[in-house]
Amino acid sequence: MREVMEEYSTTFYECMKGFPAEKQEDIYRLYAYLRVIDEMIEGDYKITDFPNWREVIEEFHVVCDKYQFKGEWLQDFHESMFTDLIQREHTVTSMLDYCKGSAESVGMMMATIMECPPEAEDYARALGRAYQIINFVRDYDEDTAKGYHYITSDFKFYIKLFKDELSYSMSGLHYIPAKYRQPIMEANKMYEKIADELS
């Protein structure tokens, strides 16, 4: 599963090295499933392009069972992926609704893997939204070339939104066990650098 993250997300791949080996493997399994589903929905990735797709699904189910992911997180994720099949133009409101599945649910899965308490939910969701919003800005040209308009070209608005969400999410940093904080802080720094470069 590691090769999927290594190929598609150099930012997270480098940061994830800060996690214990067992957690790394679980995060790779999670990411591989999310990425393969996303790529197939967008039409860039045929299931035959990844001969181990059955293993990706099976390993994801192992992680789901291990951490007892809530069904609503999985439902929200798949609903957002389905949205890509029927809606390509978004308002700020619909973009944030899309983030509920594409990012907030992933934030909750990651928070569970990192052994965060239930009180971390709002902050985990905000961190997921922050990452998704700055990804929309970074990938704007690529997304619009495919016909997806998650955001407008008013990057300043979305970068401010990213920074606000990130700032709020970090007010809940104390809910992340200390042994798992460093990779998150490294990811934040890399995304903040991207935001500064795009400002």
Taking atom CD1 of Ile184 and atom CZ of Arg181, what is their separation to the nearest 0.5 Å? 11.5 Å

Check whether any side-chain heavy atom of Met108 sits under 4.5 Å from a side-chain heavy atom of Arg125, and report yes or no. yes

Side-chain heavy atoms nearer than 4.5 Å, only ILVMFWY residues, links allowed to pass through others: does that put Ile113 and Tyr175 together? no

Spell out, yes or no, whether Tyr168 and Met95 are grouped together once hydrophobic residues are joined by side-chain heavy atoms under 4.5 Å, including indirect joins. no

CG of Leu173 to CG of Asn188: how many Å apart, nearest 0.5 Å? 8.5 Å

Compare all side-chain heavy atoms of Trp73 with those of Lys100 and state whether any distance is below 4.5 angstrom. no

Is it true that, when you exclude Lys66 itself, more than 12 heavy atoms of the residues, nucleotides or ligands shown sit nearer than 6.0 Å to its NZ? yes

Min side-chain heavy-atom separation Phe69-Val63 under 4.5 Å: yes

Parallel, tilted or perpendicular: ring planes of Phe19 versus Tyr180, cut at 30 and 60 degrees: tilted

Rounded to the nearest 0.5 angstrom, the CE-OH distance for Met110 and Tyr67 is 9.5 Å

Passing candidate, side chain to side chain donor-acceptor pair (under 3.5 Å) with Tyr98, options Asp76, Thr83, Asp84: Asp84

Return the CE to CE distance between Met185 and Met170, rounded to the nearest 0.5 Å. 6.0 Å

Approximate separation, where rounding is to 0.5 Å, of Tyr123 OH and His174 NE2: 6.0 Å

So is Arg29 actually on top of Phe60's ring, under 6.0 Å and inside 45° of the axis? no

Charged N-O contact under 4.0 Å between Lys163 and Asp196: yes

NZ of Lys23: more than 12 outside heavy atoms within 6.0 angstrom? yes

Where do Leu166 and Ala130 come nearest, in terms of heavy atoms and distance? N-CB, 3.8 Å

Are Ile134 and Glu192 packed together at the side-chain level, in the sense that at least one heavy-atom pair is separated by less than 4.5 angstrom? no

Taking NZ, NE, NH1 and NH2 as the nitrogens, is one of them in Arg35 or Asp38 under 4.0 Å from a carboxylate oxygen of the other? yes

Quick one: does Ile37's side chain get under 4.5 Å of Phe77's, heavy atoms only? yes

Separation of Arg129 CZ from Ser102 OG (nearest 0.5 Å): 11.0 Å

